[in-house]
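Report on one structure; see the data block that follows.
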Amino acid sequence: MSQVTAKFLKDYQSPKFTIENINLDVNLLGAQTRVVATSQVQRLDSAAKVLVLDGESLQLSSVKINGQAVEYIEADGKLSITVDFDQFELEIVTILDPAANTSLEGLYMSDGAYCTQCEAEGFRRITYYLDRPDVLAKFTVRIEADKAQFPYLLSNGNPIDAGELDGGRHFVCWQDPFPKPCYLFALVAGDFDLLEDKFTTRSGRDVKLQVFVDKGNLSKSQHAMASLKKAMEWDESRFGLEYDLDIYMIVAVDFFNMGAMENKGLNVFNTKYVLADKATATDVDYHGIEAVIGHEYFHNWTGNRITCRDWFQLSLKEGLTVFRDQEFSSDMGSRAVNRINAIKVIKNQQFAEDTGPMAHPIRPESVMEMNNFYTVTVYNKGAEVIRMLHTLLGEEGFQAGMRLYVERHDGHAVTCDDFVAAMEDASGVDLALFRRWYSQSGTPIVNVMDSYDANKKRYTLTLKQHTPATAEQAVKQALHIPFSIELLAADGHSLLNKVLDFVENEQEFVFDNIDQKPLVSLLQDFSAPVKLVYNFSIEHLVHLMQFATSEVARWEASVNLFSQTVWQNVAKLAAEQAMVVDPRVVDAFRAVMLATDLDAELVAEILTLPSLSALVEQVDSVDLDALTAARRYVVDTIANECEDELLAKYRQLAQEQTIGARALKNSCLILLTSTAVDIDTLVQQQYQQADNMTDSLAALQAANVGALACRQALLTDFEAQWKDTPLVMDKWFALQACFNNEQVFDAIENLKQHSAFSFENPNRVRSIIGSFAMANLAQFHRVDGRGYQLLTDWLIVLNKVNPQVAARMITPLIQFGKFDQSRQQLIKVQLQRLMDLPDLSKDLYEKVFKALA
Ligand code: B3K
Ligand code: ZN
C-alpha cells in the first residue's frame, strides 16, 4: 500500500481543461452495462497538450476525439490523451458491472434497483472524467433499460423525452439546466411505489414532489414528504431561498453508505431517513428524517448552486448546511433539545477526533482518501464555526452575508474564504482573526477565573485560552471566541446577559455596578466549540440548574454536577475510600423530576445521565474500570434515592401521547432499572401495551441495560414480529450488540449468521459492529482484548466488501490515547494485523498508518 500518497490544499491548481456539456448515454444491461459519455471539452490553458482524466475500476472500450479513435495511456487511475485543440468533442465508452460493485460508490445495485453515489469521487467509476468539483457541466442523460423490471428511469433535472423500444426495453432522457460538478450526478432505475405531491413556491411556481420507496412501503413515506414541504417553506421564509427546478425527487434505497445524497433534483436516501410509521419508527427516527430531508434540500443552494472549488473546502457546503438543518429543526421543534444534541456530538465525538491521529482543521490541508474527511470536524465543528459567525453578526447581519454570498457566487465553485469575505463585506465586522478557525485544528481550552469586589461593586472575569498541539499541527494561535455569559443574583434573577469578544491569549473583562456577588453561567448555549475549565461548587451548579435563563445552560449544569460527582468517586476508588454522593446532588435531580414548569423533553435530557463515553471524553487519561464503577454507583444512588419520584412520574406519563411525555417516561424507566421496584413487570407491561416503536424499543432497552429476566423473551418476540422489516431488525441487532455481558461475543457470532444480516448492507453492519464498538464501551475495551479482536475481524472482511464503511467503523480503534498502556498495546497489535493485509484499502490505510505513526 506504499503507493498511497497525500494531496495538499497548497498544491491546488485550476483546471487546464473544462467540460461545458456532457451527454451521458447509459444502457443498463446488467454485467454488460454500457456508458457512452460524449463531452464538449474546452482547453483553458493553451500550453496544455495532454488531457488527463480520472477513472477507477473501469473497463474501457473506446476513446474518440472529434469522432476519431485516438491513442491514450491508461495507468494508475488516470487516462492521458495527447490533444492540441482548444475545443473538441470527447467520446468515451466504458462497460460496467453494477451488481459486482459492493463498494456502493459509482453505479451499483440496491435490492434489484440501479443507483449511483458519486460524491466525493465516485463518478470516475462510471466513466473517465475531470472528476473535480470545479468543473461544471450541463448534463443530458439518456437511460435505457428493460421496461418491466425498471419502469422508472430517473436522473437530474427535467424529463425531456421518453419512448418504447424493441425487446421490452424503454428509455427516458433528462436534462439538467444547471451546470454542475459530476459529484452531483445521479441515476436511478427500478420499480418503486411513488408518493406524489406538489409545492408552490412563493413566486408562484409549481414544483412536482416525488418520493420513491420500495414496493409495499408507500404508507411509510408520508412523514418524509411532509418534512420536504416544511423544508421548502422554511428555506423561503428564513433564508429567502426558493427551489429552482420543476421537479424534486427523493428515492429511498436500503444499500447506502451514509445518510443521504443531495444530487441535483434527485436525492438518493438511505431508507433509514425516509421510511417511518408509528409502529416501526421511534420519535428519534422521525426527528432524524425531518433533519436529513431538510439537510439535503438545503444543499440545493448551499452546495449545488454554489459548490466547492476543491474537496479541501468541503465544510463550505457541509458546515453551512448542517447549521441550516440545525436551525430548521430548532424552528420546527425544541430549540434547547436540538442544541443539546448538537453539543453532545461535538463533546463526545468531535473533541475525540481532535485528540486522535485523524485530527484536522475544518478545512483540511492534506488528504489521502477524501471519503475519510466527511467527519464530525468538517460537518459539526464546521457548523459550530458558522454558528459563531451567526452569533457575531446577528441574524440580520448573517442573512445579509448570505444574500451577498449567493449574489456573488451563484453558479460557481468557491472557497471557505469566499464565504467569510461575503459575511465580512455585508456586515462590516472584521473577521481577520476569526478566519483562524478554518486553518487551526484542535480544541481550545478556556480557563476561567472570577472575582468580586464588593466595595467597587465590580465583577471581574479573567479568560485564558490555549489549544494543545494536535497530531498534524504543532503550533497553535489564539482564536476569536464569542464567549456568552450570564450573571445571576442570589435570588435567581438575571443581572446581565452578554457575549464577550475573547480574542487574546489572556483577557480580563470588568463589569461595574454589579450590586451583589453574582453566580456566573459560562459559555451559554456552547457559544464556541471549546473546553471550559472553571471550578464550580455544588451550590453554584445547583443554582444554575434552577435559575439559568438558558435551558441549555440548565442542562449543562446538570451534566457538570453529575460528572463532577462521578470523578470525585473515581478519586475515592483510587484512594481506596468509600464512595459517596452529596445529598445536594440527589436533591437537584429530584427537583428536576418534581418540576412542573420545565419542558418534558428537557427534563428527559437532564435525566438521561451522561454516558460512559461522554465521561471518557472529559479527561485526558482514564481508568475505565474505576470510571465504570463510579458512574454505576452515582446513577444507582440518584435512582434509588428518587425511586418514589421516578415511579410517580413514570405512572403519571404512562398514558400521555406526546414526544416529550414518551421521552421523559422512558428516561425514568431506564433509571428505575437501578432500583428495587419490580422493573421486570413494568418493562413487560410497557412492551405489551405499546402501540408505537418508541415505547416498545424503550422497554427492550431497559431490559437490556438492566439485564432483566424478561430480556430474552422480549427479544424473541420482537424478532418474530419484525423479521421481515430490515430497519426494525437493525434496532434488534443494535440492542444485542450493546449488551454489557461477555455473552455479547457469542450473540454477535450468531447475528452474523442471521438471515436478515449481510456484510454488503451498511445499515446492517453499522447496527451490529458499529453499535458494539461505539456504544458498548465495557465489552469493546475488555482487558483481554477480545473486543478489539472482534472489531478487527469484521474490518478485515469489510476491507474487501466496502472500504468506505470499514474506514468509518475503525474510529474507536484509532482513538486509544486515553486508555492504559496494556489496552493500547492490545489495540496496536490489531492495527498491525490490518497494516499487514496484502490488499489494505486506501481508506483504511490512511487511518491505520496515522494511528500507528
Ligand atoms: N454530501 C453527502 C455526503 C457524501 C459522502 C461521501 N462519502 C451527504 C450530505 O452531507 O448531505
Ligand atoms: Zn451535507
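Order of listing sets the numbers, starting from 1, for every ligand and every atom in it. Residue numbers run from 1 in the order of the sequence given. Every heavy atom of this structure was used, including side-chain atoms; hydrogens, water molecules and symmetry mates were not. All values reported here derive from a predicted model rather than from experimental measurement.
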Considering only N, O or S atoms of E318, the one closest to the Zn ion (ligand 2):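 Nearest N/O/S atom of E318: OE1.
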More than 12 heavy atoms of other groups within 6.0 Å of K850 NZ: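 Check passes, neighbour count above 12.
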Which of the ligand 1 atoms, numbered from 1, are nearer than 4.0 Å to a heavy atom of [X]:
X	value
M261	1 (N), 2 (C)
H295	9 (C), 10 (O), 11 (O)
H299	9 (C), 10 (O), 11 (O)
E318	1 (N), 9 (C), 10 (O)
E262	1 (N), 2 (C), 8 (C), 9 (C), 11 (O)
Q804	7 (N)
K317	1 (N)

Around [atom], find the nearest protein heavy atom and jot down its residue, atom name and distance.
atom	answer
atom 1 (N) of ligand 1	E119 OE1, 2.5 Å
atom 10 (O) of ligand 1	Y379 OH, 2.5 Å
atom 11 (O) of ligand 1	E296 OE1, 2.7 Å
atom 8 (C) of ligand 1	A260 O, 2.9 Å
atom 7 (N) of ligand 1	N371 OD1, 2.8 Å

NZ/NE/NH1/NH2 to OD/OE distance under 4.0 Å, [X] and [Y]:
X	Y	result
D331	R335	yes
R324	D235	yes
D246	K208	no

Cation-pi, F178 ring and K264 (6.0 angstrom, 45 degrees):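 Yes.
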Within-shell test, M370 vs ligand 1, heavy atom, strictly < 4.0 Å: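 Not so, M370 does not reach ligand 1.
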contact_flag E105 ligand 1 heavy-atom lt 4.0 Å: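 False for this residue.
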Donor-acceptor side-chain pairing of Q350 and D354 below 3.5 angstrom: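 A pair is found: one side chain offers a donor N or O, the other an acceptor, under 3.5 Å apart.
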Min N/O separation Y374 to ligand 1 under 3.5 Å: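 Such a contact does not occur with ligand 1.
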Nitrogen or oxygen of Q117 less than 3.5 angstrom from that of ligand 1: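 Such a contact does not occur with ligand 1.
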Salt bridge (Lys or Arg N to Asp or Glu O under 4.0 Å) involving E760 - partner list, sequence neighbours excluded: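 None.
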Side chain N799, main chain S841, donor-acceptor under 3.5 Å: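 Looks like yes, one N/O pair under 3.5 Å.
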Residue E262, metal the Zn ion (ligand 2), N/O/S under 2.8 Å: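 It does not: E262 brings no N, O or S atom closer than 2.8 Å to the Zn ion (ligand 2).
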For M249 against G157, the heavy-atom pair lying closest together: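 Looking at all heavy atoms of both residues, the shortest contact is CE-O, 4.4 Å.
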Closest contact, heavy atoms only, A186 versus N156: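 Minimum heavy-atom separation between A186 and N156: N-OD1, 3.1 Å.
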Salt bridge (charged side-chain N to carboxylate O under 4.0 Å, His left out) contacts touching residues 252-263 (sequence neighbours left out):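 Found D254-R764, E262-K317.
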Y129 and its ring pair (Phe, Tyr, Trp, His ring centres under 6.0 Å) partner, picked from F185, F123, Y183: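 For Y129, the ring pair (Phe, Tyr, Trp, His ring centres under 6.0 Å) test succeeds with only one of F185, F123, Y183, which is F123.
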Geometry at the Zn ion (ligand 2) - H299 NE2 versus H295 NE2 angle, rounded to 10 degrees: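 Centred on the Zn ion (ligand 2), the NE2/NE2 angle is 100° (to 10°).
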